[in-house]
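Inspection log for the structure reproduced underneath, given as structure tokens.
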Amino acid sequence: MHLYRGIVLANDCIAEMYYHIKIQCAGLAKEVKEGQIIYIRCGTLADPLLRRPFSIYRFDETEGIIEFVYIVKGKGTEIIKTLRPGNEIDLLGPGGRCYELAAGVKAICIIGRGVGIASVVSIAEKARKLGIHVTAILSGRTDNAIISRKLLSDIGCDVIGVNDQENTSGPENVTQLLEEAVNRYGIGQIFTCGSNRVGRLVRGISRKYNIPAYVSLEERMACGIGICYGCVCETKNGYRTVCKDGPVFAIEEVVL
Amino acid sequence: MHLYRGIVLANDCIAEMYYHIKIQCAGLAKEVKEGQIIYIRCGTLADPLLRRPFSIYRFDETEGIIEFVYIVKGKGTEIIKTLRPGNEIDLLGPGGRCYELAAGVKAICIIGRGVGIASVVSIAEKARKLGIHVTAILSGRTDNAIISRKLLSDIGCDVIGVNDQENTSGPENVTQLLEEAVNRYGIGQIFTCGSNRVGRLVRGISRKYNIPAYVSLEERMACGIGICYGCVCETKNGYRTVCKDGPVFAIEEVVL
Amino acid sequence: MQKPDLRVKLGSLTLQNPVMPASGTFGVETCKLCDIKKIGAILPKSVTLHPRQGNKPPRVAETTGGMLNAVGIQNKGLDYFIEEILPFYMPYAMPMIVSISAYSVDEFKRMVERLEGLDGIAAIELNISCPNLEAGGKAFGMNSGATYQIVKEVKALTGKVIIPKLTPNVEDITVIAKAAEEAGADAVALTNTFLGMAIDIKSKKPKLGNIIGGLSGPAIKPISLRMVWQTAQKIKIPVIGGGGIQNWEDAIEYLLAGASAIQVGTANFTNPNSMVEIVEGIEQYMLQHSIKSVEEIIGGLMIG
Amino acid sequence: MQKPDLRVKLGSLTLQNPVMPASGTFGVETCKLCDIKKIGAILPKSVTLHPRQGNKPPRVAETTGGMLNAVGIQNKGLDYFIEEILPFYMPYAMPMIVSISAYSVDEFKRMVERLEGLDGIAAIELNISCPNLEAGGKAFGMNSGATYQIVKEVKALTGKVIIPKLTPNVEDITVIAKAAEEAGADAVALTNTFLGMAIDIKSKKPKLGNIIGGLSGPAIKPISLRMVWQTAQKIKIPVIGGGGIQNWEDAIEYLLAGASAIQVGTANFTNPNSMVEIVEGIEQYMLQHSIKSVEEIIGGLMIG
Ligand SMILES: Cc1cc2nc3c(=O)[nH]c(=O)nc-3n(C[C@H](O)[C@H](O)[C@H](O)COP(=O)(O)OP(=O)(O)OC[C@H]3O[C@@H](n4cnc5c(N)ncnc54)[C@H](O)[C@@H]3O)c2cc1C
Ligand SMILES: Cc1cc2nc3c(=O)[nH]c(=O)nc-3n(C[C@H](O)[C@H](O)[C@H](O)COP(=O)(O)OP(=O)(O)OC[C@H]3O[C@@H](n4cnc5c(N)ncnc54)[C@H](O)[C@@H]3O)c2cc1C
Ligand SMILES: Cc1cc2nc3c(=O)[nH]c(=O)nc-3n(C[C@H](O)[C@H](O)[C@H](O)COP(=O)(O)O)c2cc1C
Ligand SMILES: Cc1cc2nc3c(=O)[nH]c(=O)nc-3n(C[C@H](O)[C@H](O)[C@H](O)COP(=O)(O)O)c2cc1C
Ligand code: FES
Ligand code: FES
């Protein structure tokens, strides 16, 4: 983990309220691993004061490029949105534990919703590079709001989109889709993020089929480096920090 | 006085640390008078919190354009500096009392130093339009740091530049230049701004030759509209607000 | 949905909505810059019995997310206020709350007696954050006994709504609020500014001529909000909350914390239209959430 | 010009420069992110006798120019601290200041006794902002008697430098500082955080699981600075100042106000390198102004 200065290469709206930012930062691109967190300082003034945490979306060590997908939500992301190619950006990271592929695993499933999809894309990319089969269950409010679908298809993931508009994103349907994938491909690990609802659903399948599953959590943060104990979540081992002990936890460890 | 939204037309560095901003704002261009103050909100966040006061530099009612000259000093002006043509700008004004030409006056003198020159340019322009003779004594650290010299020459002012580098800006020399102008042109009013040193010098001449003189003052401000009593200066009539009772005061009224 | 009801009550007083200025940040000039008849009450700058010069400049200094002021209640005294300022506001329909400041109990009483006879004044805010010259210079509002005494004696002189405005520079503001309630206050307003200072490292001098001044603005909001929440739980009379309110979201926070009305101060400087925008924002919020009366929001903080 | 002398004294302790972390905003991880050997002292997060879970999340909330925290001193207890954390810092040459927190005088004493025997600990900071369970839950530091008692009893047990850290949630912090001095404190540190709260208007819930938390960051600087200035004038022992320090300019303000050393807290979160940059900034400032010793800056505020 280090302080870095990056240079914005591109920063565009990709769908509804989603933005995609590409940053030149060789050091970070080299250091970061799948699922880790990077902290962006928004502007140089005291409002907003704290860095904003984002999951690494993609990174390319050879090109020295890192990418995020973000939703414009409040004053921090409003500032990030205004960055133009060539602008400098102050980055701290990478922080936390990454997603890891178990030795010998043949197929995995990633399952994400909304901007949460961003955090599981890099592990899918890694798996595909190693020839591992990837089922990607991607959920969104509308079909348009599902990010990374094309990217994941292009690299050979089996992509299944579900959405609220067509009533396909409910827990029953998603559970069924996940079970089908488990049965068809022999899923060895499941990677998910965010909401408790999806987490609990994944935990169900994980227990039923005895498949290790991992979840990436979010909490309000201050330091991002594990010193303030501001970002704890409840786990079976007491309060643990999301920024350092997480954001990726074994699904059995956390209290969903 | 009103709240206005302007559109930046140009915003460039004109000399060393001086910047010149041109703003489209028909309402303000119509309402503003020579020497008045306009308050700029820098960004939309709480840091910096307060508006920044600037003297109107030039304005063109027909074109609906207002202009300022400013020095980049702290966080507010750092933000103003980043504005690009097409950006919106939040303006409050015009505030305070303006410079006024006395009836029948044949010649005036403006005398300013540094960015203070900006505040006396508009009254010189007005005088020239009325065919009044204008002597402009402009002072700066270096000869390059004297703003508006060409503009004032072009409209037919008698421009005298003095600077620290060549040791021409000392009080004795300036006093002498001012006295020469008084004797040669029959100066009927003197307009100055800012520093106590120049103010006292002008007051000396003003008293000696019985010429009304006016000074534009600066003070830390909060409201800019005369309600907080934050911006007072000491006058012979007690504390008076710079934003409403000023910024232009008769030189005999203020305590220099 | 029908137009939401923004009316709130402060003792016997009804306001068309809970938004009013904080004393010292509002004046005749504000009325020219915004549609002032939309706000809930008028509340001019504190006035003292005799004219006051105020403190020596500089009187204001910006800080991060806030500002310091040490104006020292520069004003032309009560007579001038009654003759020259009050009449300007008389055409407005909203209740007039006059803020008074004094340096002894007797002075407070003399001012209230003067105001008691006047029509068009609905309430008197007692700015008890000023030093009590009879008791060694500590502000009245820093002492529950002094607060009790002033409120009690003033209440005996007038039928107008009496609202002591409390200083946050105390260990436990609820104790002071309780004393005010027991003495018969109709409502309390909190908080006034926090004592602070700033130094100009170039000149090595304080940024304020008075060295110390009062901190206001969004920087203080978390502290004032906490005090309002604590106070609203301890007393039965209405609490008027303020400190750092910048927008309607901040106002809703105060209402949820238990404030029956809110005061907007420093935000008037950044945006002279902020009070009007806050009224409109609260109304929009109520429409969106189908809240019929603003009273449903007050004290609605959910805990546990 | 020759290299300026940044050394300052805190009682019998000499620091290579006046910059140290504020407890709870610094840890082992910080040392990996910046050139930590450049700072004046090491000061880890407050430790308690027994392990503590801390408060329920959310524990932090950003505010304008500041942040609220209600961590509740989550830590693994004194034994773990001594065995696992302390050794990490031992290779560093800077003095180690251990911050301890406790809920009774006896607990404080037991902790000091434990630490007394250990080498490599130069000073003990007493975090007396925690509730005193023997006295109805009010923080020790809100009461001059309790402050006096703790300092007195602790000083009898140790030769190490004792630094009580004072809470600003009092009416007059100088009274508490004076009590600490009279009881034999070697220095005092101020201020800790200000009690505040924030509300999420969407959920209508407090933004902190604990409802109330401590406000820190640049928002509070004017208030903390004022308290440091007032305290430095009232006591003879050194004052360690802090609250909202973001950069070297802020640090100079505190030194001018009379602080002999300064603590950097929340700024470590925004920029983990800030303490190092502050040291460098002070040094540059001294070079530019031909100031030979940082002691010339301390208390140099010019008044009148
Ligand atoms: C581990 C982790 C990974 C994340 N990855 C992504 C991502 O890849 N893409 C993305 O769009 N968002 C992500 N988020 C959420 C993102 O951090 C927030 O949306 C962002 O901080 C909002 O900042 P703001 O100033 O725009 O909003 P505001 O609402 O103004 O923020 C106010 C405060 O709340 C905090 N905050 C707001 N929302 C969240 C949240 N969901 N989680 C934690 N803190 C929050 C902010 O950091 C700030 O301190 C992630 C959060 C965490 C903890
Ligand atoms: C009536 C008047 C007219 C002015 N006209 C001009 C002009 O035409 N061109 C120009 O460059 N500058 C002018 N100034 C000064 C200008 O307002 C300040 O340079 C500017 O506010 C600095 O803001 P900042 O955020 O960059 O600096 P910072 O130092 O960060 O400002 C901190 C605070 O101090 C205040 N402040 C700083 N300098 C001054 C100052 N000299 N006077 C009053 N307040 C100050 C700021 O407004 C702010 O509240 C004028 C000031 C006044 C009062
Ligand atoms: C410039 C200024 C002048 C003030 N004058 C008064 C005053 O005369 N009487 C008073 O009771 N409060 C006065 N206050 C305090 C405000 O009324 C308000 O309580 C305080 O500023 C906190 O609110 P805010 O953060 O919204 O500004 C003043 C505040 C400022 C900034
Ligand atoms: C997340 C966090 C945790 C803190 N924990 C402690 C602590 O354990 N002990 C303590 O004495 N102070 C603690 N503090 C207070 C700081 O040490 C410091 O006094 C305060 O934050 C003010 O300084 P600042 O504005 O520079 O942050 C904590 C502050 C924060 C923000
Ligand atoms: S954000 Fe500080 S420990 Fe995680
Ligand atoms: S700035 Fe408020 S009265 Fe002038």
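Numbers restart at 1 for each chain; the letters A, B, ... are given by sequence-line order, proteins then strands. Everything quoted here is computed from the prediction, not taken from an experiment.
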NZ on C:Lys207 to CZ on B:Arg220, rounded to 0.5 Å: 7.5 Å
C:Thr64, C:Thr63, C:Thr270 screened by side chain to side chain contact (heavy atoms under 4.5 Å, CB included) with B:Leu49, the one that passes: C:Thr270
Candidate pair B:Lys244 and C:Glu29, rule side-chain contact (heavy atoms from CB on, under 4.5 Å), full reasoning: CA-CA 10 Å; B:Lys244 193 168 167 242; C:Glu29 291 77 8; 2.8 Å; yes
Spacing of SG belonging to B:Cys228 relative to CE belonging to C:Met67, to within rounding of 0.5 Å: 6.0 Å
Inter-residue atom distance B:Arg240.CZ - C:Gln74.CD, 0.5 Å rounding: 10.0 Å
Top of B:Asp90, B:Leu3, B:Leu92, B:Ile227 for chain C proximity - count of heavy-atom pairs under 4.5 angstrom: B:Ile227
Top contributor to chain C contacts, counting heavy-atom pairs under 4.5 Å, from B:Arg51, B:Lys75, B:Glu234, B:Glu219: B:Arg51
CZ-OH distance between C:Arg59 and B:Tyr239, expressed to the nearest 0.5 angstrom: 6.5 Å
Atom group of C:Asn55 that falls short of 4.5 Å from chain B, counting heavy atoms: backbone
Side chain, backbone, both or neither of C:Lys56 within contact of chain B (heavy atoms, under 4.5 Å): both
side-chain contact (heavy atoms from CB on, under 4.5 Å) between B:Arg52 and C:Glu62, worked out: CA-CA 11 Å; B:Arg52 295 330 195 217; C:Glu62 192 184 65; 2.8 Å; yes
Which portion of C:Thr25 sits near chain B, non-hydrogen atoms under 4.5 angstrom: backbone
Exceeds 12 heavy-atom contacts within 6.0 angstrom, atom CD of B:Glu100: no
Over all atoms of both residues, closest heavy-atom pair of B:Ala46 and C:Gln246: CB-NE2, 4.1 Å
Heavy-atom pairs under 4.5 Å with chain B, option from C:Leu33, C:Val28, C:Thr30 with the top count: C:Leu33
Segment of C:Pro218 engaging chain B (4.5 angstrom heavy-atom cut-off): side chain
Part of C:Thr266 within contact of chain B (heavy atom distance under 4.5 Å): side chain
Whether over 12 other heavy atoms sit under 6.0 Å from B:Tyr229 OH: no
